[in-house]
Colleague: 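Below you'll find the structure I mean.
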There are 2 protein chains.
Amino acid sequence: MAALSPGVLGALDPTSDRAVFRQIADQIREAIDKGRFTEGAKLPSEAELVEHYGVSRMTVRNSLSILQTEGLVVSEHGKGVFVRPRPPVRRLASDRFARRHREQGKSAFLVEAEAAGSKSEVDSLEVGEERPSQDISARLGSPRRVLARRRRYLLDGRPVEFATSYLPLDLARNTPIAQPNPGPGGIYARLEELGHRLDHFDEEIKARMPTPQEVRTLRLSSGVPVIHLVRTAYDTEGRAVEVCDTVMAADAYVLAYRLPAT
Amino acid sequence: MAALSPGVLGALDPTSDRAVFRQIADQIREAIDKGRFTEGAKLPSEAELVEHYGVSRMTVRNSLSILQTEGLVVSEHGKGVFVRPRPPVRRLASDRFARRHREQGKSAFLVEAEAAGSKSEVDSLEVGEERPSQDISARLGSPRRVLARRRRYLLDGRPVEFATSYLPLDLARNTPIAQPNPGPGGIYARLEELGHRLDHFDEEIKARMPTPQEVRTLRLSSGVPVIHLVRTAYDTEGRAVEVCDTVMAADAYVLAYRLPAT
DNA sequence: GAGTGGTCTAGACCACTTG
DNA sequence: AAGTGGTCTAGACCACTCA
């Protein structure tokens, strides 16, 4: 066991009211913030911290678990605890559904990924008819059954987003939209070909901690929230023609919107 | 110590590979999801869980800490562990900075809160000149010094948002904008009176876990992320006239945006 | 004062990774 | 085989809340 390089981590203040495990977490956090442990670097092992601070192992683990839930570090079984690397971020611009992009034929996700020099994939694509949840149903004008299209997006091999599109059956049944691959420009291009000229999209954004299922699907490390985005597409007659429910790894995204001052 | 009502929580599966503390967390999570513990309800005490499952206290505490970081429960010292109550949610619409709202004279925050039947306050208002961070400076066209306006918003007594506005000094110095209370319609109304007619706003949204400082300022319970929103206001000449950096308690907000399909 | 969660100890054994 | 984190035990004492 290597000795801890001196000076990186200080000593405890026995006169402080602050719990020992919080003091240890504070010191490690500060060392990370000040760049003494850089992104991806390995922290001292639990055993080293036990020796350095003269506390029990559970106390050290408690400190590290704080930093994990803050999203500062990740632990890897058998290897160590590391400063969490920041993945490349995908920027979603508010013009990402503009018609001019659709007309170029490629899906928005793939085009943007290529522009950023990333390799992107789409997997676990499922298409089928089902009964919508109350929320989805209400947004679509209360259809009894809908077409659901589920898919997961990966960026350089890492899952970053899981999305489900819902469309009223009378719109989508027996159309290319019901096919796994709907063709160039995606389902929005097909909707317009079918006579549903799109007028606008409404997006609702929340952030929260992931469910255990979402942790698995997106392979999220602890301390990473999700962005939950629900988009409703309206045609020029004011009808809701699609609802897209999207869950994104929050550390992989920044969403951008432009608002008129009018 | 009251006995645990039978049937609410099951037994452990000793043949399972899943760690005991995860199994316990799974069972409590499922009970919450199925409504057997409703919002605000008290969970069985740690001692009751120890007895029910026949495990040590640390194992039970480990289970509960999982549910805490998931944002499902909150613990209160000396009282118990409770299903986390969902606070009222503030909806931010994408037309919230429309000129017609400004012209009514009240701040957007107060108007919306009143409409929702909530009591709102603004506190810890600080106004002063300072040197901007690199990021803020770049967004504002690299001024050396800026006017900073910090304030915290509360809804029914609960802090929900902390925001700082930055304006180039040459715009704001010796104007009502440099006053703690800038007058009816807020700083955007003042900017327009000063000849900076607003054209549009760009907003960037991220979500992440809060820093310890943000936990204190917003009194966040564990398992609640923050939404970090940075808005830049542009005048009709294309100049960035303000940057507003906002940190929101994610469980108190849903953001809504409308995108044109054009 | 009884019940609750918060902190901490000193061990034990296991599973995973690396040389 | 050595080092790492993952799980679990059986205690102890403390601080807070409520009757």
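Just so we're clear, the structure is a prediction, and the values are computed from it rather than from any experiment. Below, chains carry the letters A, B, ... as their sequence lines are ordered, and counting in each starts from 1.
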Colleague: Please step through side chain to side chain donor-acceptor pair (under 3.5 Å) for the pair A:Tyr53 and A:Gln27, ending with a clear verdict.
Modeller: CA-CA 11 Å; A:Tyr53 287 110; A:Gln27 292 193 6; 2.7 Å; yes

Colleague: Strictly below 4.0 Å, heavy-atom distances to any atom of DNA chain D: list the hits from residues 21-33 of chain B, or just say none.
Modeller: B:Phe21, B:Arg22

Colleague: Of all the choices, D:dG6, C:dT9, C:dG6, which nucleotide is nearest to the side chain of A:Ser56 once you look at every atom?
Modeller: C:dT9

Colleague: Less than 4.0 angstrom between a side-chain N/O of A:Ser75 and OP1 or OP2 of D:dG6, yes or no?
Modeller: yes

Colleague: So if I take every side-chain heavy atom of B:Ala47 and compare against D:dC8, C:dT4, C:dG6, which nucleotide ends up nearest?
Modeller: C:dT4

Colleague: What integer distance in Å separates B:Glu46:CD from C:dA2:P?
Modeller: 20 Å

Colleague: At under 4.0 Å between heavy atoms, how does the protein contact nucleotides 11-19 of chain D? Give one character per nucleotide, 5' to 3', with B, S or -.
Modeller: -B--BBSS-

Colleague: I need the CG-P distance between A:Leu49 and D:dG3, as an integer number of Å.
Modeller: 16 Å

Colleague: What pairs with A:Arg84 under side chain to side chain donor-acceptor pair (under 3.5 Å), at least two apart in sequence or on another chain?
Modeller: A:Asp251

Colleague: Can you tell whether the side chains of B:Glu39 and B:Arg86 come within less than 4.0 Å, N to carboxylate O?
Modeller: no

Colleague: Test of understanding: with salt bridge (charged side-chain N to carboxylate O under 4.0 Å, His left out), list the residues that count as partners of A:Arg139, not counting sequence neighbours.
Modeller: A:Asp135, A:Glu204

Colleague: Between D:dG6, C:dT9, C:dT7, which nucleotide has the shortest distance from any of its atoms to the side chain of A:Thr59?
Modeller: C:dT9

Colleague: Could you tell me whether B:Glu76 and B:Lys42 have a side-chain N and a carboxylate O separated by less than 4.0 Å?
Modeller: no

Colleague: Start with the C-alpha gap between B:Glu121 and B:Lys119, add the side-chain angles, then the distance that decides, and say whether salt bridge (Lys or Arg N to Asp or Glu O under 4.0 Å) holds.
Modeller: CA-CA 7 Å; B:Glu121 308 155 68; B:Lys119 189 174 157 294; 3.7 Å; yes

Colleague: Could you check how far NZ of A:Lys42 sits from P of C:dT18, rounded to whole Å?
Modeller: 12 Å

Colleague: Would you mind reading off the distance between A:Ile66 atom CD1 and C:dG6 atom P, rounded to a whole angstrom?
Modeller: 12 Å

Colleague: Under the rule for salt bridge (charged side-chain N to carboxylate O under 4.0 Å, His left out), what residues qualify as partners of A:Arg29, not counting sequence neighbours?
Modeller: A:Asp26, A:Glu70

Colleague: What pairs with A:Tyr253 under side chain to side chain donor-acceptor pair (under 3.5 Å), at least two apart in sequence or on another chain?
Modeller: A:Arg90, A:Glu161

Colleague: Look only at the side chain of A:Arg152 and the backbone of A:Thr217, and say whether a donor-acceptor pair between them is shorter than 3.5 Å.
Modeller: yes

